[in-house]
Amino acid sequence: MSYVFPPEPVVSVPVLGREQRFPVHRIYCVGRNYAAHAREMGFSGREPPFFFIKPADALVVAEGPRPTVVPYPSLTTDLHHEIECVVAIGQGGRDIPAAEAARHVFGYAVGVDLTRRDLQASMKQQGKPWCIGKAFDHSAPIGPITEASLAGDIGRASIWLQVNGSDRQRSDLGQLIWNVGEIIEHLSRAWELKAGDLIYTGTPEGVGSLARGDLVTGGVDGLQGISLKMA
């Protein structure tokens with residue numbers, strides 16, 4: 001098969017302990033999935049989960065010992081960090097029951113959902129889609145994937161983020177409004193999940209602004225952490 005121009009290389013994420021990498025299909029994100037963060041954003045209660053999508057090439061793979069440089073995006077003066085546990089799907093499907101979701105999970109990683117909050121808020125006020133606030137270039141940093149069998153009790157793992165050494169976000173995955181199995185159940189009703197899909201599962205309270213030069217570090221117990229330098 002020939003193409004009118006060379007296709008872009010496959011976006012992929014390293015897997016700890018393996019030479020093979022995880023090829024990425026789609027990136028799904030869950031909105032307002034921690035109660036305290038929902039209240040922080042002006043909402044409350046266990047509303048039905050909602051989702052948005054980022055392009056696969058929005059990933060910034062942070063895999064080295066040094067902080068990975070992330071360019072500060074254009075058009076914004078209010079870039080926010082959102083630390084998240086990311087689920088890597090290894091087996092796709094439709095209408096997956098929560099009780100069977102674990103067999104579809106390949107592994108987990110630490111991710112950061114970067115948000116142009118001012119642009120998102122402006123779009124919301126106008127009743128327009130807010131892709132410009134979420135789905136921009138370099139908006140989805142991610143660390144290496146740990147296979148599910150090696151990740152421990154991810155459902156109770158601590159999750160945290162620091163900026164320049166100071167705590168911003170700290171919680172645990174037991175505080176998720178919709179747990180991983182329930183997320184997969186809901187998501188697979190709306191889309192057919194595919195091997196290679198990534199699911200950013202939501203962020204706890206404490207989201208805040210980033211500036212050029214900030215050092216961002218974050219982690220989830222049992223997974224390799226992430227270190228970013230805003231440029």
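Predicted model only: the values in this text are computed from it and were never measured.
A pairwise comparison of heavy atoms in Pro23 and Val10 identifies CB-CG1, 3.9 Å as the closest pair. Arg156 and Asp172 get closest at one heavy-atom pair: O-CB, 4.0 Å.
Between the CG atom in Asp118 and the CD1 atom in Ile132 there is a gap of 9.5 Å [rounded to 0.5 Å]. Atom-to-atom distance recorded for Arg189:CZ and Leu187:CG is 11.0 Å, nearest 0.5 angstrom. To the nearest 0.5 Å, atoms CZ (Arg168) and CD (Gln162) are separated by 10.5 Å. Atom NZ of residue Lys229 and atom OG1 of residue Thr217 lie 11.0 Å apart, to the nearest 0.5 angstrom.
Side-chain contact check for Ser209 and Asp78: at least one donor-acceptor pair (N or O, by modelled atom type) lies under 3.5 Å. For the residue pair Gln224 / Thr146, no side-chain donor-acceptor distance below 3.5 Å is found, with atom types taken as modelled. Remark: the Asp95 side chain and the Ser188 side chain contain no N/O donor-acceptor pair separated by less than 3.5 Å.
Put simply, the side chain of Pro49 does not reach to within 4.5 Å of the side chain of Ile183, judged on heavy atoms. The closest side-chain heavy-atom distance from Ile83 to Pro204 is below 4.5 Å. Leu176 places a side-chain heavy atom less than 4.5 Å from the side chain of Tyr34. Counting heavy atoms from C-beta on, the side chains of Val15 and Glu147 come closer than 4.5 Å. Using a 4.5 Å heavy-atom cutoff, the side chains of Phe51 and His186 are in contact. Contact check for Val112 versus Tyr200: no side-chain heavy atoms found under the 4.5 Å cut-off. When side chains are defined from C-beta on, Ser12 does not count as touching Phe22, because their heavy atoms never get closer than 4.5 Å. Looking at Ile142 and Leu198, their side chains come closer than 4.5 Å, going by heavy atoms from C-beta outward.
Remark: of the listed residues Asp221, Ile226, Val220, Val220 is the sole one forming a side-chain contact (heavy atoms from CB on, under 4.5 Å) with Leu223.
Both tests pass for Arg116 against the ring of Phe136: distance under 6.0 Å to the centre and angle within 45° of the axis.
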Apply salt bridge (charged side-chain N to carboxylate O under 4.0 Å, His left out) to Arg26 and Glu192, showing your working. CA-CA 11 Å; Arg26 290 178 179 167; Glu192 179 180 1; over 6 Å; no

Mind running salt bridge (charged side-chain N to carboxylate O under 4.0 Å, His left out) on Asp197 and Lys194 for me, showing each step along the way? CA-CA 6 Å; Asp197 286 341; Lys194 300 282 190 177; over 6 Å; no

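Judged purely by atom type and a 3.5 angstrom limit, Thr68 has no side-chain atom pairing as donor or acceptor with the backbone of Leu228. Remark: side-chain polar atoms of Lys54 are paired, donor with acceptor, to backbone N or O of Ser139 under 3.5 angstrom.
No more than 12 heavy-atom neighbours from other residues, nucleotides or ligands sit within 6.0 angstrom of CD on Glu8.
Using cut-offs of 30° and 60° on the angle between ring planes, the pair Tyr28 and Trp191 is tilted.
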